[in-house]
Amino acid sequence: MSGVIVTDPPKAELKDVDALARFGVATVSEAMGRTGLLGPGIRPIQQGVRVAGTAVTVLGWPGDNLMIHAAVEQCGEGDLLVVTTTSPSTDGLFGELFATALHRRGVRGLVINAGIRDTQELREMGFAAWARAVCAQGTVKATGGSVNVPVAIDGQVVRPGDVILADDDGVVVVPRERARATVAKAEAREAKEAATRAAFLEGQLGLDRYGLREKLKALGVEYRTYEEYEGYEGERP
């Protein structure tokens, strides 16, 4: 497998990245029209942590972490490393030594579509990570790959410099050109949710706030008392 290491790709501005970090993954995905989510199989190794950073991407070979070593050199302040392989792999491609090197360079975390190990040490040092699997299996350094090229994970394309936002709910990618606009849309959605939350605290029902009673009626859903329901045994769903 030949490859390429791309240097100095365009990136989203860090002020927009940091602004997106104020919002949850669900809010940002909804703000983009329910797009950008990586699959539910990529899970955090910690809880209660949210990070956002600009993607440095790695495409490597299963069971081989050579290109992660190459990627460390390309990482800097505010970045977040995104790793995937050419075919499925659960081997532990990433561990505490990599995290030490990345932390020194100001990298905010890791999303890896493969295996990770040394998870206790990563939690203790405060290095946030999201992984497809946790596996102690070691790896080799033998096959070429690429750094800072577009990669696909769970049907989502991640380009170098795109914003990666990750929390307990999962991971979302925001195209670098849409970062600023997405901040504004996320702010609007959060304000709308705050108004709805206040209404619910006052006792309003979602059925009324969202106009769902008419929808139920249009779908043929009926209200019946218990006695009426008992009298229609043949019609029970």
Side-chain angles (χ1 to χ4, degrees), residues 1-12 38-39 41-46 51-166 170-171 173 176:
M1 176 181 176
S2 60
V4 62
I5 298 172
V6 180
T7 62
D8 300 317
K11 298 180 179 181
L38 304 192
I42 296 181
R43 301 301 306 152
I45 65 165
Q46 67 285 309
V51 297
T54 45
V56 172
T57 62
V58 178
L59 178 63
W61 199 258
D64 191 315
N65 66 6
L66 173 62
M67 299 314 297
I68 300 180
H69 284 279
V72 172
E73 183 182 26
Q74 304 305 315
C75 289
E77 188 72 35
D79 286 334
L80 192 149
L81 191 64
V82 179
V83 179
T84 191
T85 51
T86 56
S87 61
S89 175
T90 57
D91 293 342
L93 301 181
F94 187 99
E96 178 264 336
L97 293 178
F98 272 137
T100 299
L102 291 174
H103 182 74
R104 172 66 177 79
R105 301 178 78 87
V107 174
R108 296 178 174 181
L110 167 80
V111 171
I112 183 167
N113 187 29
I116 192 172
R117 62 184 188 176
D118 302 334
T119 55
Q120 179 179 340
E121 289 79 4
L122 295 180
R123 287 190 291 270
E124 289 173 352
M125 68 185 292
F127 189 85
W130 286 254
R132 177 73 62 183
V134 174
C135 181
Q137 177 63 49
T139 58
V140 299
K141 302 165 181 60
T143 312
S146 294
V147 175
N148 277 336
V149 300
V151 298
I153 300 175
D154 294 335
Q156 296 294 335
V157 175
V158 181
R159 301 169 305 161
D162 285 346
V163 183
I164 302 296
L165 175 66
V171 181
V173 54
R176 55 181 182 258

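It should be emphasised that the depicted structure is a prediction, and the values quoted were computed from it without experimental measurement.
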Val83 versus Ile153, closest heavy-atom pair with distance: O-CD1, 4.3 Å

Under 3.5 Å donor-acceptor, Gln74 side chain and Thr7 backbone: no

Charged N-O contact under 4.0 Å between Lys11 and Asp79: yes

Donor-acceptor pair, side chain of Asn148 and main chain of Val6, under 3.5 angstrom: yes

Euclidean distance, Leu81 CG relative to Arg105 CZ, rounded to 0.5 Å: 11.5 Å

Exceeds 12 heavy-atom contacts within 6.0 angstrom, atom CD of Glu121: yes

Separation between CD1 of Ile45 and CD1 of Ile116, rounded to the nearest 0.5 Å: 4.5 Å

Separation of Arg108 CZ from Thr54 OG1 (nearest 0.5 Å): 7.5 Å

Nearest non-hydrogen partners of Ala152 and Thr84, listed with the distance: O-OG1, 4.2 Å

Within-4.5 Å side-chain heavy-atom neighbours: Val72 and Arg104: no

Nearest heavy atoms of Val58 and Ile68, plus distance in Å: CG1-N, 4.1 Å

Any Gln46 side-chain heavy atom under 4.5 Å of Trp130 side chain: yes

Donor-acceptor contact present, side-chain Ser146 to main-chain Val4, <3.5 Å: yes

Interatomic distance, His103 atom NE2 to Met125 atom CE [nearest 0.5 angstrom]: 6.0 Å

Donor-acceptor pair, side chain of Thr57 and main chain of Val149, under 3.5 angstrom: yes

Under 3.5 Å: donor-acceptor pair, side chain of Arg132, backbone of Ser89: no

Shortest non-hydrogen contact from Leu122 toward Ala99: CD2-CB, 3.2 Å

Side chain to side chain, Leu93 and Thr85, heavy atoms closer than 4.5 Å: yes

Asp154 side chain to Leu38 backbone, donor-acceptor under 3.5 Å: no

Sub-4.5 Å side-chain heavy-atom contact between Thr86 and Leu59: yes

Closest heavy-atom pair and its distance - Asp64, Thr143: OD2-N, 2.7 Å

Exercise: identify the closest heavy-atom pair between Val157 and Asp162: O-OD2, 4.3 Å

Distance, nearest 0.5 Å, that separates CG of Leu80 from CG of Leu102: 9.5 Å

